[in-house]
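Remarks on the structure that follows.
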Amino acid sequence: MAKKDDAVTLEVGGHEVRLSSPGKVVFPESGITKRDLADYYLAVADGALRGVANRPMVLKRFVKGIGQEAFFQKRVPDNRPEFVSSATLHYASGTSAEEAVIRDAAGLVWAVGLGCLDLNPHPVRADDLDHPDELRIDLDPMPGVEWSQIVDVAFVARDLLGEVGLVGWPKTSGSRGIHILVRTDGAHDYAQVRLAAQAFAREVENRAPGLATAHWWKEERGESVFVDFNQNAKDRTVASAYSVRPLPDARVSMPVGWQELREIRPGAFTVQTVPALYAERGDAHAGIDEAAGSLDRLLELAERLGPAERAPRGGDGSGRRQSTMPLVEISRAATKEEALAGLDRWKGRHGEVVRHLSPADVLVDGMRGSSSLWYRVRVNLQHVPDLERPPQEPLEVDYDPWTRSAGSDS
């Protein structure tokens, strides 16, 4: 175990960057250390900075390693070095936070030193916080969806972008999905950008019914690829290009060219493999900043499509959305492992129900709490015959994310 006082000082671009506990193992399966992560980001610095430089970012810190949930730090630390600047963002909730803005490779190493793996910038530049210059298309597959289906949807998205005068730059999400980044001219505010993204998602669904969906509510998607337009809402961030994801294989969110999208697999891009690929072929997104376009034609599409259908509201006076699907909630837990353990217990009692479920009927949601994620598990009983559907039961794990205390574990 690395000692607390074994910090090293790295010379990066004329700046001295202190890296504490460089020998700390972050990814146990591969033995990747904190110093290895710093070296990785230095190897891909130009590409990584293309996605994060001059953008305020949320610090997602894995201070206890990938085996523990990260916590989200919006406010830049008081003791930030002089090469890290800041910008004050105002959120829809009415709160504000002075967030970190990194501009160079030294800032990348500084973020690693704080325990950041993936980098999560906002879609705005520090000199204009109200007008995003990046449209983010997140193709998020439901359970049971194969890579080939995600790629098919990506090419539908590419063709639509071309029709409205925009250029898409694909990258693996670093998990199972695909992100397509689109540089824009920064002429519209957050509400207009989200509206353009929603219209885009609805049109992709229209062109690829059954393959893609724009349904915001997970239980209504089936085994399809969700075109997640809400990633363009204010306050949302997405892991940027070359970000290291907190998976056991140290997978990377890798920019790729359209011509290779059908051949590659996300698991091929890791901290250990990407530096050599980057040195050999450079950054597949190298031209993104020169390809900015206008959202005007997407906003015209939004007008033609009309307002999106809204979910019905409950009749209890709360105004809360009422699902059209027969859902039961299984668990709310501080960790995904606890939430899934609760699901396993529920399945053990309801074997006759489980045989009717498709992979997409099990809904596992990572929910943003006050400073970290918590997990909710629900089951959609749509494929279970009416007379065999179990009622809502006491939760297997009942965790209150707002008081950070768990209830009884039945």
Side-chain angles (χ1 to χ4, degrees), residues 137-146 149-150 153 173 175-177 194 197-198 200-202 204-206 208-233 236 307-316 318-333 336 338-369 373-399 401:
I137 300 166
D138 181 4
L139 303 183
D140 185 11
M142 290 294 288
V145 172
E146 299 293 333
Q149 181 176 334
I150 309 169
V153 174
S173 69
S175 182
R176 295 180 60 236
R194 183 184 180 279
Q198 185 177 30
F200 181 88
R202 293 169 65 191
V204 170
E205 180 183 43
N206 291 340
L211 293 180
T213 179
H215 286 254
W216 174 243
W217 305 106
K218 187 177 284 190
E219 65 269 20
E220 298 174 357
R221 297 175 195 164
E223 291 189 5
S224 62
V225 177
F226 175 43
V227 186
D228 189 353
F229 57 89
N230 217 44
Q231 296 292 13
N232 296 275
R236 289 296 185 100
E309 182 179 358
R310 293 182 178 274
R313 299 292 172 176
D316 58 1
S318 67
R320 293 178 180 172
R321 171 190 175 274
Q322 179 180 355
S323 177
T324 58
M325 294 292 181
L327 300 176
V328 289
E329 188 171 4
I330 308 302
S331 55
R332 301 176 188 175
K336 191 173 184 178
E338 291 174 296
L340 293 178
L343 174 65
D344 287 341
R345 292 194 294 272
W346 183 89
K347 285 182 174 180
R349 296 198 310 275
H350 296 288
E352 73 287 354
V353 173
V354 173
R355 63 189 179 91
H356 294 291
L357 301 178
S358 72
D361 288 333
V362 177
L363 311 173
V364 182
D365 301 305
M367 312 289 286
R368 183 69 68 88
L373 289 177
W374 59 280
Y375 292 87
R376 177 182 66 182
V377 177
R378 297 171 297 159
V379 171
N380 188 347
L381 303 175
Q382 61 180 327
H383 296 121
V384 181
D386 290 356
L387 295 179
E388 297 182 33
R389 292 176 180 173
Q392 176 66 55
E393 300 170 337
L395 297 181
E396 294 291 332
V397 185
D398 192 357
Y399 170 77

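What you see is a predicted model; the values in this text were computed from it and never measured.
Listed for the D138 side chain is no donor-acceptor partner under 3.5 Å among the backbone atoms of D228. R221 contributes no side-chain N or O that, together with a main-chain N or O of A360, makes up a donor-acceptor pair within less than 3.5 Å. Under the 3.5 Å distance criterion, the side-chain polar atoms of R376 are left unmatched by any main-chain donor or acceptor of M367. Without hydrogens or angle criteria, E329 side chain to Q392 main chain gives no donor-acceptor distance under 3.5 Å. A donor-acceptor distance shorter than 3.5 angstrom exists from the side chain of S331 to the backbone of A339, with no hydrogens or angles considered.
The shortest distance between side-chain heavy atoms of R236 and N230 falls below 4.5 Å. Contact check for W346 versus V377: no side-chain heavy atoms found under the 4.5 Å cut-off. The shortest distance between side-chain heavy atoms of P390 and V353 falls below 4.5 Å. In this structure, L343 and E396 have side chains that are not in contact, with every pair of non-hydrogen atoms separated by 4.5 Å or more. When side chains are defined from C-beta on, D365 counts as touching R378, because their heavy atoms get closer than 4.5 Å. Taking the side chain as every heavy atom from C-beta outward, L139 and V204 never approach each other to under 4.5 Å.
Of all the heavy atoms in P141 and G177, the pair that sits closest is CD-CA, 3.7 Å. Considering every non-hydrogen atom in both L211 and V153, the closest pair reads O-CG2, 3.8 Å. For the residue pair S224 and T213, the shortest heavy atom distance occurs at OG-CG2, 3.0 Å. When all heavy atoms of P359 and P143 are compared, the pair lying nearest together is O-CB, 3.5 Å. Scanning all heavy atoms of the two residues, the minimum distance from A308 to Q198 falls at CB-NE2, 3.5 Å. Looking at every heavy atom in both residues, E205 comes nearest to A212 through CG-O, 3.4 Å.
Atom CG in D361 sits 9.5 Å away from atom CG in L327 (nearest 0.5 Å). Between the NE2 atom in H356 and the NE2 atom in H350 there is a gap of 13.0 Å [rounded to 0.5 Å]. Atoms CE and CG, on M325 and N380 in that order, are 5.5 Å from each other to the nearest 0.5 Å. Of the inter-residue distances, the one linking H215 atom NE2 with R202 atom CZ reads 10.0 Å to the nearest 0.5 angstrom. With rounding to the nearest 0.5 angstrom, the CD1 atom of I150 is 12.0 Å from the CE atom of M142. How far NE2 of H383 is from CZ of R355: 14.0 Å, rounded to the nearest 0.5 Å.
A perpendicular orientation is assigned to the rings of F229 and F226, their planes being inclined by more than 60° (bins at 30° and 60°).
Within a 6.0 Å radius of CD in E393, other residues, nucleotides and ligands contribute more than 12 heavy atoms.
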